[in-house]
Structures are given as C-alpha cells and as structure tokens.
Protein chains: 2
Amino acid sequence: MTLADAIHASGKRLTLQRQLVLDAVQRARHHVTAEDIARRVRAKYPRIGPSTVYRNLEALEELGYVTHTHLDDRVTRWHRADSHPHGHLVCRSCGGETEVRPPALEAMARRLRELYRFEPDLAHSAIVGICRRCRDVPSQ
Amino acid sequence: MTLADAIHASGKRLTLQRQLVLDAVQRARHHVTAEDIARRVRAKYPRIGPSTVYRNLEALEELGYVTHTHLDDRVTRWHRADSHPHGHLVCRSCGGETEVRPPALEAMARRLRELYRFEPDLAHSAIVGICRRCRDVPSQ
DNA sequence: GAGCCTATCGCGAAGCGTCGCAATAAGGTG
DNA sequence: CACCTTATTGCGACGCTTCGCGATAGGCTC
C-alpha cells in the first residue's frame, strides 16, 4: 500500500506539508527532534509552522509510518517506524546512551505479560540509570 | 540526621520556602505535581513563584528527601523518597496506571546489569503499553 | 546585633509542545 | 470546471519547566 492509499483509506489528506514531514523523517539517520524536522522542511517550504509539524508527526504515527521515543530530556525524538526496534539506556550521570537489543527487551516484556498481562512497549521510553563506566568510578 | 543538619552539611540553606515545599511533598498521599505543591505552599506563603518550587524540589531531591517520576504525559510527579519503591505501567489506550511490585522490577534490573552492566532505575519512568483490559477488547 | 558572603528568591523571558480558531485547500460530485 | 464538505494549515495563546538577573535573606564572624 502506498502512502497515498494509506492516507486515503484513513480519511486523511495528502498535503504537501505532510509529505515533506514524512520525507524528512525517512531521510534522517536516527532520532530527530521536531525542530530538526521543521528545519529540513523549511528548506523547501519556509512557511510551515511548528504546530503543523507536530500534527503531521502525530498523523503519520497513527498511520504507522513514524514513531517517537523519549530519552531523559523533555524533547521528543522521532524516527521511521520500519527501522529495527531497540530500547535505550540513558545514564543520569554522564548522559550517555546505549542501545538495548531486542532479546533483552523481549525477556523483560515477557515478565510483564506474565505478571500483569500488560503488553509493554519498552522502546518507547529510555530506561534511566547509571552506565557501566560511571558505575566503575564511585566518586565523580 | 535532621533536615537542618543535612541541608547544612551540603552547604545549602534552610529557607522557609524550602521547608514548606518539603512539607507539602511529605504530606501528599502520592505523586503530586509541582503545581499541586505550589498550591499547598501558597496557602501559607502566597508569594512563592513556580521556579522556587522547582528549584527546591531539585535541591531536596539531591539531598535524598524527594524523588520524581515520569508517567506518559509531560508533567513531572513528585513524592517522598522514603515511600516504598515501585514502577508504573501506563496504558496508552485508556491511560490507566498499574503499580509494578519490586520483585518484577528487580528481575528486569538484573538482566540489564548482566547484559549491559547498567544499573537501572526502573521506577523513574513509567513503562508504556497496553493494559490487560484494553488488550482483551481488540477494537475500541 | 552589625556586617559580610553568597545561596536563594521572585520575576520575566524563553523553549518544547498543545490547543482553539478563522482561513485555506484536498478530494470529492455533478 | 464550479461547488461543497471538511481535513488541514498558520497563527496566537497557553501550560510545564528552565534559566538569567537583580534583590533578598540565611548563616557565619566579630
């Protein structure tokens, strides 16, 4: 199913702004912020406002084209939905990020399904803690 | 060690505002927002501003008296640090919250320690997903 | 208590994100 | 193509939180 079909089937409309936002997310390497996206879109369409970017990201997320993640700051990161799934470990001491491989996520998810019958999305929010390097350096 | 001692030892000062903020967090049942706290403090000290509340929460957190948690909205929740530790499951469909008991947290934490030598704080951010009720009702 | 140093305060501004509203335009129909 | 319905846009305003700045006031010394 093409983008046009998917959008059409959902009752949404295919606007230039929406195409440009999707394009910017798909071209991005990883985890871009809304402002990153706005900047890229403005190169071709300078009049776009922040709310249009946010609303289009939300619409494209509903359609399954993009996803967002929260690291430990208050900025939302966006990426294409078809990239490989992974979680994030963020160190509250040095700010460093580590990717969590799907098997570890799956093992943790299984436990939550068993105990709470809750289907978790462990890639949605980073797990905060202390990374191996900072753990090995007790003070400082 | 009393509050006065702890504050003194850290080089901080014991202001009326700081005492009132701590008091408000300690009296609160659970998970209050900064605005909740501000409202309570204003009852006794109307001139307090939002930034003072935030800065005091941060200072009290450094001292180990309070902690904060992120659910799935963009509002930070605060609570006393000596309450029993627990995680949160938040349903992205109905918004409902479930508490995760320490054993489940510990089992998941162990895996991250083993695989990544990362010491996670699994109570810091809620785990987002689909709760048992919404999972059992496929459409709607 | 007077005086000093500086942590803290209140305030205003700014950043990220959301929302309401009037204007625009996408996607139909005839 | 003219016309209609309504999804979407741009804009301004607001909510949560952080930050810079000059004013205030803890906590100490004498």
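We name chains A, B, ... by the order of the sequence lines, and we start the count at 1 in each one.
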Enumerate the protein-to-nucleotides 28-30 of chain C contacts in which both atoms are nitrogen or oxygen and the separation is below 3.5 Å.
residue, atom, partner, partner atom, Å
C/dG28, OP1, A/His8, NE2, 3.0

(request) Look only at the side chain of B/Arg80 and the backbone of B/Gln26, and say whether a donor-acceptor pair between them is shorter than 3.5 Å. (result) yes
(request) Give me the residues of residues 36-44 of chain B where at least one heavy atom lies under 4.0 Å from an atom of DNA chain C, by number, or none. (result) none
(message) Does either side chain, that of B/His88 or that of B/Glu99, offer a donor lying less than 3.5 Å from an acceptor on the other one?
(response) no
(request) Enumerate the residues from residues 46-54 of chain A whose closest heavy atom to DNA chain C is under 4.0 Å, giving them by residue number; use none for an empty result. (result) A/Ser51, A/Tyr54
(request) Whole angstrom is fine here: how far is it from NZ in A/Lys12 over to C1' in D/dT8? (result) 11 Å
(message) Surrounding CZ of B/Arg92 (heavy atoms of other residues, nucleotides or ligands, distance under 6.0 Å), is the total greater than 12?
(response) yes
(request) Please state whether the rings of B/His31 and B/His79 are parallel, tilted or perpendicular, taking 30° and 60° as the class boundaries. (result) perpendicular
(message) Using modelled atom types and a 3.5 Å cut-off, is there a donor and acceptor pairing between side-chain atoms of A/Asp36 and backbone atoms of A/Thr33?
(response) yes
(request) Would you confirm whether B/Arg18, through its side chain, and B/Arg13, through its main-chain N or O, come within 3.5 Å as a donor-acceptor pair? (result) yes
Using nucleotides 21-25 of chain D, report all nitrogen or oxygen pairs with the protein that are shorter than 3.5 Å.
none

(request) Under 4.0 Å from any atom of DNA chain D, heavy atoms only: list the residues of residues 14-31 of chain A that qualify, in numerical order. (result) A/Thr15, A/Gln17, A/Arg18
(request) Verify, without hydrogens or angle tests, whether A/Arg117 (side chain) and B/Cys131 (backbone) share a donor-acceptor contact under 3.5 angstrom. (result) no
Under 3.5 Å, sequence neighbours excluded: what are the donor-acceptor pairs made by side chains of residues 45-55 of chain B?
residue, atom, partner, partner atom, Å
B/Tyr45, OH, B/Gln17, NE2, 3.2
B/Ser51, OG, B/Arg55, NH2, 3.4

